[in-house]
Participant: 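Take this structure first; my questions come after.
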Amino acid sequence: MRIARFSIDGTVGFGVLEGDELDVIKGHPFAEFERSGQKVPLDKVRLLPPVLPNKVVGVGRNYAEHAAELGNEVPETPVTFFKPSTSVIGPGDPLAYPSFSQEVHHEAELAVVIGRMCREVPRERVADVILGYTCANDVTARDVQRTEKQWARAKGFDGSCPLGPWIETDLDPAAVAAGLTIQCTVNGEQRQLGRTSDMVRPIEDLIVHITEAMTLLPGDVVLTGTPAGVGPLNVGDTVAVTIEGIGTLTNKVIKRG
């Protein structure tokens, strides 16, 4: 199913997408829930980020062609970094261009949404801790990334982690390994086109690696890397990330006020 987080008339809730309507659920998707039968048209609600993560854990250079296009080699172990909760925005939200950068890039990514508290997850149990998947844009201040040893500012600025439009629960790591298409367009022009089967390390390996070190909480998000084709965003651009079997996440770049 597809689970969306939404706002209507000042009320925030979760709903299951059914055609062009949301069936509002009782409770939240991180535990057993019931559908209320109360349905609201999708065009009458504001879609919010599908989760408010405690933390977003990114994985860098997990597609060989992307590593190569920036002059990097595939690392021997996964390169991980954090994006704070304040970096998260939702579908349709404005993406504010940071004032401290002159070279901001899009990075279309598959995002894993964690469904239960977990640590030291064995590989064969990874599917059990995943609620579902959504689209992400790991927006990066590339010039800052090149000049600063830590990636905190380059990848963690406000608005640098668009997520959405909803969580797709009917996928599993095997489907991802088989290859879902990931595409990024800017103003309708295709910039990135890849498949999740091109990941250097599959989702199981990433979750095992991350949870060796830290506890993941319900709603936490793991970004799985971006295919080749990353490139610049400018004020006024509309950037869209589309992932097969999930949907499309769209944001417009604005000047930071």
Side-chain angles (χ1 to χ4, degrees), residues 1-25 28-29 39-53 56 58 83-98 104-113 131-141 155-169 181-192 219 221 223 226 230-257:
M1 69 181 71
R2 290 177 173 176
I3 301 173
R5 182 170 164 267
F6 68 92
S7 172
I8 183 171
D9 298 329
T11 300
V12 174
F14 289 94
V16 175
L17 185 64
E18 294 183 344
D20 58 359
E21 294 183 318
L22 287 171
D23 188 347
V24 180
I25 68 173
H28 57 78
K39 297 186 179 181
V40 292
L42 194 58
D43 62 2
K44 299 296 184 183
V45 306
R46 177 191 170 200
L47 289 179
L48 303 174
V51 289
L52 289 178
V56 177
K83 294 173 87 81
S85 58
T86 48
S87 70
V88 174
I89 59 174
D93 286 344
L95 197 173
Y97 202 107
V104 171
H105 282 195
H106 56 79
E107 294 192 8
E109 307 206 11
L110 177 71
V112 182
V113 180
L131 174 63
Y133 300 84
T134 193
C135 305
N137 193 346
D138 176 21
V139 183
T140 302
K155 287 182 171 286
F157 59 87
D158 291 354
S160 64
C161 190
L163 296 175
W166 39 65
I167 302 167
E168 174 58 71
T169 66
T181 301
I182 303 180
Q183 178 179 245
C184 179
T185 63
V186 177
N187 302 326
E189 176 188 350
Q190 182 175 288
R191 293 276 191 86
Q192 292 180 267
V221 169
L223 306 182
T226 194
V230 300
L233 293 172
N234 297 294
V235 173
D237 285 346
T238 297
V239 56
V241 174
T242 301
I243 300 181
E244 179 184 359
I246 299 176
T248 299
L249 166 68
T250 303
N251 301 92
K252 185 168 184 176
V253 184
I254 65 168
K255 184 177 181 180
R256 191 172 187 175

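Residue numbers count from 1 along this sequence. No experiment lies behind these values; they were computed from the predicted model shown.
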Participant: Side chains of Pro50 and Glu168, heavy atoms from C-beta outward: is any pair under 4.5 Å?
Facilitator: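 No - every pair of side-chain heavy atoms lies 4.5 Å or more apart.
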
Participant: Counting distance only, does the side-chain N/O of Arg191 pair as donor-acceptor with the main-chain N or O of Val230 below 3.5 Å?
Facilitator: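 Answer holds: no.
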
Participant: Which atom pair, heavy atoms only, marks the closest approach of Leu95 to Gly159?
Facilitator: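 Looking at all heavy atoms of both residues, the shortest contact is CG-O, 3.8 Å.
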
Participant: Between the main-chain N or O of Asp138 and the side-chain N or O of Thr140, is there a donor-acceptor pair closer than 3.5 Å?
Facilitator: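 Present.
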
Participant: Has Gln192 got a side-chain atom pairing as donor or acceptor with Ala108's backbone, closer than 3.5 angstrom?
Facilitator: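 A pair under 3.5 Å: yes.
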
Participant: Mind checking whether Val112 and Tyr133 have side chains closer than 4.5 Å, heavy atoms only?
Facilitator: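 Yes, at least one pair of side-chain atoms sits under 4.5 Å.
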
Participant: Any sub-3.5 Å donor-acceptor pair from Lys83's side-chain atoms to Ser160's backbone N or O?
Facilitator: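 It does hold such a pair.
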
Participant: State which residue, out of Val56, Val88, Thr134, fulfils the side chain to side chain contact (heavy atoms under 4.5 Å, CB included) condition with Val221.
Facilitator: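 Considering Val56, Val88, Thr134, a side chain to side chain contact (heavy atoms under 4.5 Å, CB included) with Val221 is found only for Val56.
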
Participant: Check Ile243 against Glu109 and note the closest heavy-atom contact, atom names and distance.
Facilitator: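 Taking every non-hydrogen atom into account, CD1-O, 3.4 Å.
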
Participant: Can you find a heavy atom in the side chain of Asp23 that is under 4.5 Å from one in the side chain of Ile25?
Facilitator: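 No; the side chains remain at least 4.5 Å from each other.
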
Participant: In Å, rounded to the nearest 0.5 Å, how long is the span from CH2 of Trp166 to CG of Leu48?
Facilitator: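 Answer rounded to 0.5 Å: 13.5 Å.
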
Participant: Only one of Ile3, Leu131, Thr169, Leu163 forms a side chain to side chain contact (heavy atoms under 4.5 Å, CB included) with Val113, so which one is it?
Facilitator: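 By the side chain to side chain contact (heavy atoms under 4.5 Å, CB included) criterion, Val113 pairs with just one of Ile3, Leu131, Thr169, Leu163: Leu131.
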
Participant: How close do Leu233 and Tyr97 get, counting heavy atoms only, and between which atoms?
Facilitator: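 It is O-CE1, 3.1 Å.
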
Participant: Could you tell me whether Asp43 atom CG has more than 12 heavy atoms of other residues or ligands within 6.0 Å of it?
Facilitator: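 Enclosed: over 12 neighbouring heavy atoms sit under 6.0 Å from CG of Asp43.
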
Participant: So, Asp158 side chain and Ser87 main chain: donor-acceptor pair closer than 3.5 Å or not?
Facilitator: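 No.
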
Participant: Write down the atom of Pro98, the atom of Arg256, and the distance for their closest heavy-atom approach.
Facilitator: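 Nearest pair, atom of Pro98 first, then Arg256: CA-NH1, 3.7 Å.
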
Participant: Taking the side chain as every heavy atom from C-beta outward, state whether Asn234 and Val253 have any atom pair closer than 4.5 Å.
Facilitator: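 Asn234 does not reach Val253 side chain to side chain.
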
Participant: Would you say the side chain of Arg5 lies within less than 4.5 Å of the side chain of Val51, judging by non-hydrogen atoms?
Facilitator: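 No - every pair of side-chain heavy atoms lies 4.5 Å or more apart.
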
Participant: Of the non-hydrogen atoms in Gly90 and Leu249, which two are nearest, and what is the gap between them?
Facilitator: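 Looking at all heavy atoms of both residues, the closest pair is C-CD1, 4.3 Å.
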
Participant: Stepwise, does the side-chain contact (heavy atoms from CB on, under 4.5 Å) test hold for Thr242 with Thr181?
Facilitator: CA-CA 8 Å; Thr242 301; Thr181 301; over 6 Å; no

Participant: So, taking the atom named OG1 in Thr185 and the one named NE2 in His106, what distance separates them when rounded to the nearest 0.5 Å?
Facilitator: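 Here the rounded value is 9.0 Å.
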
Participant: Which distance, rounded to the nearest 0.5 Å, do you find between the CD1 of Ile8 and the CZ of Arg46?
Facilitator: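 Reported value, rounded in 0.5 Å steps: 13.0 Å.
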
Participant: I need the minimum non-hydrogen distance between Asp93 and Asn251, along with the two atoms involved.
Facilitator: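 Looks like O-ND2, 2.8 Å.
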
Participant: Go through the steps for Cys184 and Val239 under the test side-chain contact (heavy atoms from CB on, under 4.5 Å), then give the verdict.
Facilitator: CA-CA 7 Å; Cys184 179; Val239 56; 3.7 Å; yes

Participant: About how many Å separate CZ of Phe6 and OG1 of Thr11, when rounded to the nearest 0.5 Å?
Facilitator: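 One finds 8.5 Å between OG1 of Thr11 and CZ of Phe6.
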
Participant: Got a second to check how far Met1's CE is from Ile167's CD1, nearest 0.5 Å?
Facilitator: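 Met1 atom CE to Ile167 atom CD1 measures 11.5 Å (nearest 0.5 Å).
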
